[in-house]
**Q** 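Would you mind keeping the following structure in view while I ask a few things?
Hydrogens, waters and symmetry mates play no part in the numbers below; they use all other heavy atoms, side chains included. Sequence positions, counted from 1, serve as the residue numbers for this chain.
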Amino acid sequence: NNNNSNNNRRASTTTTTTTAKNASASNQSAGGIIVANRAADEETEDGRIRNREASTKIRDAWIYRQIRARQDEFTQYKQGRVFVGTWNVNAKGKDESLSAWLCADWHKHGPPDIVVVGLQEMVDLNAMNVAVEGKSQARSAFWVDRIRGTLNGRQNTLGDPMRTYAELGTKYLVGLLVCVFVKAPHRPRVKHVHTNSVGVGVMGVMGNKGGVSIRLQFYDSTLCFVCTHLAAHRENVAGRNADFANVFNKTSFEIGTDAVQEVIRLGSMSQWAMGSGTDAVGVPDHDLVFWFGDLNYRVDESIPTERVLELSKANLLDELIEHDQLNIERAAGRAFQDFEEGPLAFRPTYKYQPGTDLYEERPDKKLRAPAWCDRILWLAQEPGHVAQLNYSRSELVISDHMPVMSTFLVTVKDVILAKREGVYKEVMQMLDAYENNSLPMVSLDRINLDFGEVRYDQRVTLPIVITNTGQVVAQFRLVPKVDEVELCKPWLTVAPTYGMLIPGERTEIELTIAIDNATAHRLNTGRETLEDILILRLENGRDYYISVTGRYARSCFGMSVDELVLYTAPLREVPLDPILRAEKYDDLDSRAAMCVPKELWRIVDAIYERGLDERDLFTALGDPDEVYRIRECLDTGAAFEDVGVHSMAEALTSFLGNLSSPVVPVSLFPTLDIDAQNIQMFTRKFLEDMLPVPYNVFIYIISFFREVLTHRQKNRLSPAKVARILCNCLVWSAQGNGEESASSSNQRRGNMQQLMLHFLETNSI
């Protein structure tokens with residue numbers, strides 16, 4: 001559970017199969033857009049544009065969908081058991097028996113068909129072991145031998161070779177290890193075994209944190225096993241989410257064209273067929289994915305450490321499960337999207353006194369809140385093909401973690417080759433019949449899309465129906481405009497960006513406008529308008545031009561405080577067009593401007609009215625619908641409705657955090673360490689250097705929060721919490737620049753928090 005920088009993470013990927021080709025590695029861009037980088041668009045003699053590589057990939061995707069829709073015609077299903085175990089061994093382990101972990105439920109469910117074991121910290125994560133292979137290879141071999149010896153022990157095999165387990169693959173990375181064993185009778189039905197490792201630790205590439213993985217084809221289903229060790233420390237949720245995303249996105253297996261085509265015929269690899277189209281496959285391209293390891297998610301900091309210890313020792317888990325960070329992040333869609341996990345019916349597995357079953361509470365050791373760091377999750381293309389039989393922990397006590405284990409009943413495909421080839425032949429004959437006729441033709445139900453009025457932080461979607469009106473297959477894709485790289489402007493998204501239709505078939509593409517903070521700022525300053533042209537290219541056919549327009553309903557969000565103080569009228573009434581704005585406000589004078597934006601005063605006044613004694617004020621989330629209605633009232637000048645104070649508080653921090661420029665610019669960040677001797681000087685210099693309007697806003701906000709803190713006994717706020725809140729919404733650009741190190745950026749942010757704390761606690765400003 002070492003600490004690692006989570007800034008500027010760039011995952012380093014290594015594979016044991018082949019070196020990734022640069023060309024194929026870039027075949028997939030954001031949103032599943034097909035980019036033909038090995039064969040550019042070419043113009044035919046009659047002036048038509050085509051791309052053979054893109055056409056082939058789109059064709060494969062359509063074939064996949066047809067085969068998958070008919071897979072029951074050529075597939076019979078078998079059931080098997082998969083055991084997954086994970087353990088952070090804390091660089092411990094000698095000759096202790098592993099049977100209580102690996103074989104604990106054999107008496108109940110029978111020996112599994114596949115055994116997957118993941119270890120973390122099999123060596124000390126010191127600088128030497130991280131930088132140089134060191135002991136990793138020897139410790140990997142040691143643990144694999146112990147696992148093999150346990151599985152194939154006399155008490156398990158009874159001397160029968162058909163009850164033994166064969167090793168399919170092993171992959172290690174510093175302290176990480178994953179190994180997969182299969183029961184001997186199934187070994188002939190396993191193929192295309194490949195391994196991969198991704199380091200996301202120190203500097204975003206080292207192997208003290210990261211993932212190791214093994215993928216394989218079991219009968220005719222594809223399985224992927226990923227063992228990870230994510231960023232440590234209770235407060236570092238964002239670092240763990242980033243580590244997950246890096247490992248998930250960077251894990252890639254070069255399995256070869258033949259293997260890809262075979263599995264497509266089996267009706268697998270939907271993600272490959274729908275987007276990437278290279279010889280490499282990723283994690284989501286498999287029928288079944290099992291993700292496990294020391295994920296390091298803790299119990300949320302809102303529960304004190306002592307309370308977590310008390311509940312853990314008493315085996316009272318409901319409150320802890322409710323505040324488990326992994327459950328929270330999954331529910332919010334910030335990590336492990338679409339993965340499933342069984343109920344946590346066992347006590348937290350970390351942190352124990354090694355050699356005991358006692359949580360670590362010794363006076364000479366740092367007190368840590370127990371947590372379910374060690375987890376097992378799964379992802380299935382067909383959810384009904386996985387059933388979890390048990391999810392529990394073992395009581396091996398040599399480490400500061402307890403081992404975790406789970407047995408799954410999985411359904412795998414067993415394809416009848418003759419029937420599959422018959423279906424494949426029928427699909428190809430149907431396709432060939434259409435392709436051999438003439439040129440493609442499609443109709444679009446509209447080419448001019450007017451989204452009407454679009455509000456800040458709102459998503460508006462309109463569809464276009466594309467119908468194949470010709471006699472042949474029509475392949476379409478969106479392409480960038482000349483001399484541009486992106487398909488459309490940043491505020492517009494399109495899905496899907498390509499497709500294929502047989503004659504008479506129709507499909508929809510959805511265009512969505514979303515106004516974020518950056519877009520709002522460009523709209524407010526006149527540097528952007530809600531207008532764009534999309535090009536839909538028909539392979540072997542013509543281009544279609546789609547016009548997109550919309551009108552931005554102006555909002556105080558995404559503006560600067562210097563501009564907000566100029567207008568006494570609601571912002572919705574202020575024209576975006578600079579000429580119209582100048583005509584309407586020809587007498588605009590900055591000397592007659594308000595001291596602070598009226599929107600800020602209205603929110604603060606509303607919070608005063610609704611009570612500063614509210615429990616968890618500024619820490620509990622508001623209702624999203626209420627926050628939206630508050631923003632509308634601010635923009636239109638309407639009176640506030642009956643909304644909760646938590647929603648008002650969230651609207652305040654959101655307003656400040658979504659200004660076009662922060663109240664406290666980067667230039668005011670302290671460059672030297674702050675201490676008791678110099679903090680007075682820093683605060684005086686800080687205020688002297690602020691511009692007038694940001695100065696007024698800053699003093700206003702500080703004064704307000706000082707008043708809020710006088711009610712701390714009831715609202716449970718503390719100066720330290722408020723200082724963090726202020727840093728998040730007033731100095732949100734404190735991320736450093738490209739040349740500044742992560743440690744320097746964090747130091748400057750820490751100095752800024754000290755300044756905020758001083759302003760909140762001093763007797764005068």
Side-chain angles (χ1 to χ4, degrees), residues 16 80-124 133-188 190 193 195 212-214 216 218 223 225 227 229 290 292-294 349 354-355 374 376 390 392-399 401-408:
T16 61
R81 291 179 298 277
V82 175
F83 171 90
V84 179
T86 179
W87 191 12
N88 183 322
V89 296
N90 195 25
K92 304 292 194 305
K94 292 183 180 179
D95 300 316
E96 301 83 359
S97 173
L98 303 179
S99 295
W101 173 35
L102 302 181
C103 312
D105 64 348
W106 286 22
H107 66 283
K108 183 175 182 181
H109 302 298
D113 300 292
I114 295 178
V115 174
V116 186
V117 178
L119 299 180
Q120 306 84 47
E121 295 192 40
M122 64 175 180
V123 298
D124 287 319
E133 182 178 278
K135 301 178 181 178
S136 298
Q137 183 175 6
R139 292 299 290 175
S140 171
F142 166 79
W143 279 105
V144 172
D145 286 343
R146 290 196 60 197
I147 295 166
R148 183 189 298 108
T150 301
L151 298 177
N152 292 335
R154 178 75 182 181
Q155 69 277 17
N156 292 331
T157 65
L158 304 177
D160 182 357
M162 300 306 289
R163 295 170 65 96
T164 62
Y165 287 86
E167 180 185 348
L168 293 178
T170 298
K171 186 67 177 176
Y172 67 87
L173 175 69
V174 189
L176 279 167
L177 170 69
V178 63
C179 55
V180 179
F181 293 81
V182 66
K183 211 169 183 180
H186 302 299
R187 183 63 186 90
V190 177
V193 179
T195 65
V212 288
S213 50
I214 298 177
L216 53 90
F218 183 60
L223 283 68
F225 305 100
C227 172
H229 192 184
F290 296 92
F292 48 94
D294 182 357
T349 56
D374 311 281
I376 300 172
N390 83 305
S392 59
R393 74 177 207 178
S394 177
E395 300 302 319
L396 299 181
V397 297
I398 63 172
S399 171
H401 290 250
M402 293 291 186
V404 173
M405 54 204 176
S406 182
T407 300
F408 298 90

**Q** What pair of heavy atoms forms the shortest contact from Leu177 to Trp143, and how long is it?
**A** CD2-CB, 3.9 Å

**Q** Work out which heavy atom in Gln155 is nearest to a heavy atom in Leu158; give both atom names and the distance.
**A** O-CD2, 4.0 Å

**Q** What is the distance from atom CG of Asn152 to atom CD1 of Ile147, rounded to the nearest 0.5 Å?
**A** 11.5 Å

**Q** Measure the spacing between CZ of Phe83 and CD1 of Ile376 and express it to the nearest 0.5 Å.
**A**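 Those atoms lie 7.0 Å apart.
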
**Q** Going from SG on Cys227 to NZ on Lys171, what distance comes out if it is rounded to the nearest 0.5 angstrom?
**A** 13.0 Å

**Q** Quick one: are Leu396 and Leu98 in side-chain contact, heavy atoms under 4.5 Å?
**A** yes

**Q** When you measure from the side chain of Arg187 to the backbone of Val182, do you find a donor-acceptor pair of N or O atoms at a distance under 3.5 Å?
**A** no

**Q** Taking all heavy atoms of His401 and all of Trp87, pick out the closest pair and write down the distance.
**A** O-NE1, 3.1 Å

**Q** For residues Val178 and Phe292, determine if any side-chain heavy atom of one lies less than 4.5 Å from a side-chain heavy atom of the other.
**A**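 Yes; the side chains approach each other to less than 4.5 Å.
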
**Q** Closest approach of Met122 and Arg139, non-hydrogen atoms and distance?
**A** O-NE, 3.5 Å

**Q** Distance-only, no hydrogens or angles: does the Asp160 side chain make a donor-acceptor pair with backbone N or O of Met162 under 3.5 Å?
**A** yes

**Q** Would you say Thr157 and Tyr165 make side-chain contact, with heavy atoms under 4.5 Å?
**A** no

**Q** For Phe408 and Phe290, take the angle between the two ring planes, folded into 0 to 90°, and tell me which bin it lands in: parallel under 30, tilted 30 to 60, perpendicular over 60.
**A** tilted

**Q** In Å, rounded to the nearest 0.5 Å, how long is the span from CZ of Phe181 to OG1 of Thr170?
**A**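 If we round to the nearest 0.5 Å, Phe181:CZ and Thr170:OG1 are 6.0 Å apart.
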
**Q** Can you see which heavy atom on Val123 is nearest to which on Val174, and at what distance?
**A** CG2-O, 3.8 Å

**Q** Walk me through whether Val82 and Phe225 qualify under side-chain contact (heavy atoms from CB on, under 4.5 Å).
**A** CA-CA 11 Å; Val82 175; Phe225 305 100; 4.2 Å; yes

**Q** Do Leu168 and Ile214 come close enough that some side-chain heavy atom pair is under 4.5 Å?
**A** no

**Q** Is it true that a side-chain atom of Ser406 and a backbone atom of Asn390 form a donor plus acceptor pair closer than 3.5 Å?
**A**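 Side chain of Ser406 to backbone of Asn390: a pair is present.
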
**Q** Going from CG on Asp374 to CD on Gln120, what distance comes out if it is rounded to the nearest 0.5 angstrom?
**A** 6.5 Å

**Q** Answer whether the closest heavy-atom distance between the side chains of Lys183 and Val115 falls below 4.5 Å.
**A** no

**Q** Which atom pair, heavy atoms only, marks the closest approach of Ser399 to Val89?
**A** OG-C, 3.4 Å

**Q** Hey, could you give me the CG/CG distance between Leu176 and Asn88, rounded to the nearest 0.5 Å?
**A**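 Separation between the atoms: 9.0 Å.
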
**Q** Does some side-chain heavy atom of Ser394 sit less than 4.5 Å from a side-chain heavy atom of Met402?
**A** no

